[in-house]
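Heads up: the structure comes next, in structure tokens.
For the single chain, residues carry numbers from 1 onward in sequence order. All heavy atoms count here, side chains included; hydrogens, waters and symmetry mates do not.
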Amino acid sequence: QVQLVESGGGLVQAGGSLRLSCAASGRTSSTYNMGWFRQAPGKEREFVAAISRSGGTKFYADSAKGRFTISRDNAKNTVYLQMNSLKPEDTAVYYCASSPYYTVDLGSGRYEFWGQGTQVTVSS
């Protein structure tokens with residue numbers, strides 16, 4: 001069992017930055033690949049970024065490439081999502097999730113444990 005708690009969301013103007021954190025407790029988070037997803041009102045949950053156990057492999061959605069950076073600190077059991085150049089279309093609830101599988105996956109169905117989410121609102 002892994003408990004995940006996101007923080008760092010908030011209201012920011014377009015062009016601004018936020019850093020989301022996901023603190024893991026329970027089973028050591030370094031045994032999991034980790035991902036960030038988001039869900040906007042009326043839309044499906046979508047993949048944002050993922051990172052391997054070691055942090056050596058990262059994947060990004062096209063919408064996040066060049067603006068968002070995923071990282072992790074296994075000593076702190078924490079995963080981060082640095083978001084720069086934010087746009088109004090980035091407005092959503094952001095969730096972190098853990099995956100026990102060997103490969104780094106982009107599909108939400110491959111993630112086992114989820115946090116409660118943190119709201120990110122970008123004003124124009």
Residues in side chain to side chain contact (heavy atoms under 4.5 Å, CB included) with [X], at least two apart?
| X | value |
| --- | --- |
| E112 | Y32, P100 |
| S7 | S21 |
| V122 | V12, A14, L86, P88, D90, T91, V120 |
| E89 | K87 |

*Any ring pair (Phe, Tyr, Trp, His ring centres under 6.0 Å) involving residues 65-106? Give me the pairs, sequence neighbours left out, ordered by first then second residue.*
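Qualifying pairs: none.
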*Going by the ring pair (Phe, Tyr, Trp, His ring centres under 6.0 Å) test, which pairs reach into residues 46-67, not counting sequence neighbours?*
F37-F47
*Identify the two heavy atoms, one from G56 and one from S52, that lie closest to each other, and give their separation to 0.1 Å.*
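That closest heavy-atom pairing would be N-OG, 3.3 Å.
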*Please report the closest heavy-atom contact between M34 and S98, naming both atoms and the distance.*
SD-CB, 3.5 Å
_Starting from V79, can I reach L20 by hopping between I/L/V/M/F/W/Y residues whose side chains sit under 4.5 Å apart?_
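Both belong to a single hydrophobic cluster.
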*Side-chain heavy atoms under 4.5 angstrom apart, residues restricted to Ile, Leu, Val, Met, Phe, Trp, Tyr: same cluster for Y111 and I70?*
no
*Please list, chain by chain and in numerical order, all residues satisfying salt bridge (charged side-chain N to carboxylate O under 4.0 Å, His left out) with R45, sequence neighbours excluded.*
none
*Contacts of K43 that satisfy salt bridge (charged side-chain N to carboxylate O under 4.0 Å, His left out) - sequence neighbours left out*: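 Not a single residue meets the salt bridge (charged side-chain N to carboxylate O under 4.0 Å, His left out) criterion with K43.
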*Not counting sequence neighbours, which residues clear side-chain hydrogen bond (donor to acceptor under 3.5 Å, both in side chains) with S71? List them please.*
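Residues passing side-chain hydrogen bond (donor to acceptor under 3.5 Å, both in side chains) with S71: none at all.
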*asked:* Test question: given the 4.5 Å side-chain rule for I, L, V, M, F, W and Y, name all other residues clustered with V5, or answer none.
replied: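 The other cluster members (ILVMFWY side chains, heavy atoms under 4.5 Å, direct or chained): none.
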*Measure the CZ-CG distance between R110 and D105 for me, rounded to the nearest 0.5 Å.*
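Those atoms lie 4.5 Å apart.
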*When rounded to the nearest 0.5 angstrom, what distance separates CD1 in I51 from NZ in K58?*
5.0 Å
*Between the main-chain N or O of S85 and the side-chain N or O of R67, is there a donor-acceptor pair closer than 3.5 Å?*
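Pair found, side chain donor or acceptor close to backbone of S85.
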*Expected output: side-chain N33 to main-chain S99 donor-acceptor under 3.5 Å*: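 A pair under 3.5 Å: no.
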*Worked verdict on L11 versus Q119 for side chain to side chain contact (heavy atoms under 4.5 Å, CB included)*: CA-CA 8 Å; L11 174 63; Q119 176 71 46; over 6 Å; no
*What pairs meet the disulfide (SG to SG under 2.5 Å) rule with one or both residues in residues 61-92, with sequence neighbours excluded?*
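Listed once each, the pairs would be none.
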*Tell me, which pairs form a disulfide (SG to SG under 2.5 Å) where one or both residues lie in residues 75-120, sequence neighbours left out?*
C22-C96
Residue pair [X] / [Y], side-chain heavy-atom distance below 4.5 Å:
| X | Y | result |
| --- | --- | --- |
| K76 | N74 | no |
| L81 | V48 | yes |
| E6 | Q116 | yes |
| E44 | Q39 | no |

*Quick one: do the N84 and S17 side chains pair a donor with an acceptor below 3.5 Å?*
yes
